Amino acid sequence: MPDTFRTRVLDLSTGSGESVTDITDACASFLNDVAAGRDGLLNVFVPHATAGVAVIETGSGSDDDLLAILHQLLPADERWQHRHGSPGHGRDHVLPAIVAPHATLPVLAGHLELGTWQSVCLVDTNKDNPRRQVRLSFLA
């Protein structure tokens with residue numbers, strides 16, 4: 001059973017602003033390489049204290065809506081006790097409590113089972129750290 005668990009780390013640049021980055025194609029590519037037509041689970045994990053993973057529709061404005069509501073829930077101002085970094089950076093450390101840093105998704109016959117409009121996305125509101133890693137793990 002040495003081939004039942006496989007993992008890969010994606011290195012991403014999210015830029016200098018808040019972002020929702022679609023990583024669905026990278027997930028599918030990983031599964032194409034490692035799943036070999038098997039059923040299992042894909043775990044997507046962001047090992048950062050200021051980012052999360054969302055399964056959301058993209059391209060129709062929902063990604064911008066997500067950032068807008070996060071801005072309302074977590075304003076980038078001086079109210080936060082965690083104060084290093086850019087103004088309001090403390091809110092970035094609260095983000096993973098709202099947008100979890102992980103998602104576990106079904107894989108059937110080697111393919112990610114998402115709804116018609118669903119995408120797997122990295123959510124990053126931290127302007128201070130544009131370099132991110134995402135760990136993809138397949139368990140057959």
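As a basis for the values below, the full set of heavy atoms in this structure was taken, side chains included, without hydrogen atoms, waters or symmetry mates. Only a predicted model underlies this, so the values are computations on that prediction, with no experimental measurement involved.
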Linked, directly or transitively: L114 and V99 (ILVMFWY side chains, under 4.5 Å): no
The reported gap from SG in C121 to CD1 in I23 (rounded to nearest 0.5 angstrom) is 7.5 Å
Check D128 against G85 and note the closest heavy-atom contact, atom names and distance. OD2-CA, 3.3 Å
Is there a side chain to side chain contact (heavy atoms under 4.5 Å, CB included) between L12 and L122 once you walk through the steps? CA-CA 10 Å; L12 303 171; L122 169 66; 3.8 Å; yes
Side chain to side chain contact (heavy atoms under 4.5 Å, CB included) against T116, all qualifying residues, sequence neighbours excluded: none
Enumerate the salt bridge (Lys or Arg N to Asp or Glu O under 4.0 Å) contacts for residues 40-63, please, sequence neighbours excluded, ordered by first and then second residue. none
Tell me, please, which residues at least two apart from R131 pass salt bridge (Lys or Arg N to Asp or Glu O under 4.0 Å). none
Side chain to side chain contact (heavy atoms under 4.5 Å, CB included) involving Q81 - partner list, sequence neighbours excluded: none
Residues A49 and P96: closest non-hydrogen pair is O-CG, 3.3 Å
Give me each pair satisfying salt bridge (Lys or Arg N to Asp or Glu O under 4.0 Å) with a member in residues 91-112, each pair once, sequence neighbours excluded. E18-R91
ILVMFWY cluster, V55 and L10 together (side-chain gap under 4.5 Å): yes
For a quick test of your reading: what N or O donor-acceptor pairs under 3.5 Å do the side chains of residues 66-73 make, sequence neighbours left out?
none

Show me the donor-acceptor pairs, under 3.5 Å and distance only, between side chains in residues 133-140 and residues at least two apart or in other chains.
{"residue": "Q133", "atom": "NE2", "partner": "D11", "partner atom": "OD1", "Å": "3.0"}
{"residue": "R135", "atom": "NH1", "partner": "T7", "partner atom": "OG1", "Å": "3.1"}
{"residue": "S137", "atom": "OG", "partner": "T7", "partner atom": "OG1", "Å": "3.2"}

Going by the rule salt bridge (Lys or Arg N to Asp or Glu O under 4.0 Å), which residues pair with D124 if we only count those two or more places apart in sequence or in a different chain? R132
Where is the tightest heavy-atom contact between P130 and G15, given as atom of each residue plus distance? CB-O, 3.2 Å
Taking only residues at least two apart or on different chains, which pairs with a member in residues 64-74 satisfy salt bridge (Lys or Arg N to Asp or Glu O under 4.0 Å)? none
Would you indicate whether the side-chain heavy atoms of V123 and I56 approach each other to under 4.5 Å? no
What distance do N126 atom CG and S16 atom OG have between them, rounded to the nearest 0.5 Å? 11.5 Å
Counterpart residues, side chain to side chain contact (heavy atoms under 4.5 Å, CB included), relative to H82 (two or more places apart): H84, H89, H93
What is the distance from atom CH2 of W117 to atom OG of S60, rounded to the nearest 0.5 Å? 8.5 Å
Identify each donor-acceptor pair in which a side-chain atom of residues 25-45 lies under 3.5 Å from a protein atom, sequence neighbours left out, and give them as a table.
{"residue": "D33", "atom": "OD2", "partner": "R8", "partner atom": "NH1", "Å": "3.3"}
{"residue": "D33", "atom": "OD2", "partner": "R8", "partner atom": "NH2", "Å": "2.9"}
{"residue": "R38", "atom": "NE", "partner": "A35", "partner atom": "O", "Å": "2.8"}
{"residue": "R38", "atom": "NH1", "partner": "D3", "partner atom": "O", "Å": "2.9"}
{"residue": "R38", "atom": "NH2", "partner": "D3", "partner atom": "O", "Å": "3.2"}
{"residue": "R38", "atom": "NH2", "partner": "V34", "partner atom": "O", "Å": "2.8"}
{"residue": "D39", "atom": "OD1", "partner": "A109", "partner atom": "N", "Å": "2.7"}
{"residue": "N43", "atom": "ND2", "partner": "T104", "partner atom": "OG1", "Å": "2.8"}

Which heavy-atom pair separates L95 from A51 by the least distance, and what is that distance? CD2-CA, 3.9 Å
Side chain to side chain contact (heavy atoms under 4.5 Å, CB included) evaluation trace for L112 with V120: CA-CA 10 Å; L112 193 55; V120 182; 4.0 Å; yes
Return each pair, listed once, that meets salt bridge (Lys or Arg N to Asp or Glu O under 4.0 Å) where at least one residue sits in residues 105-123; pairs must be two or more places apart or across chains. none
W80 side chain to P75 main-chain N or O, any donor-acceptor pair under 3.5 Å? yes
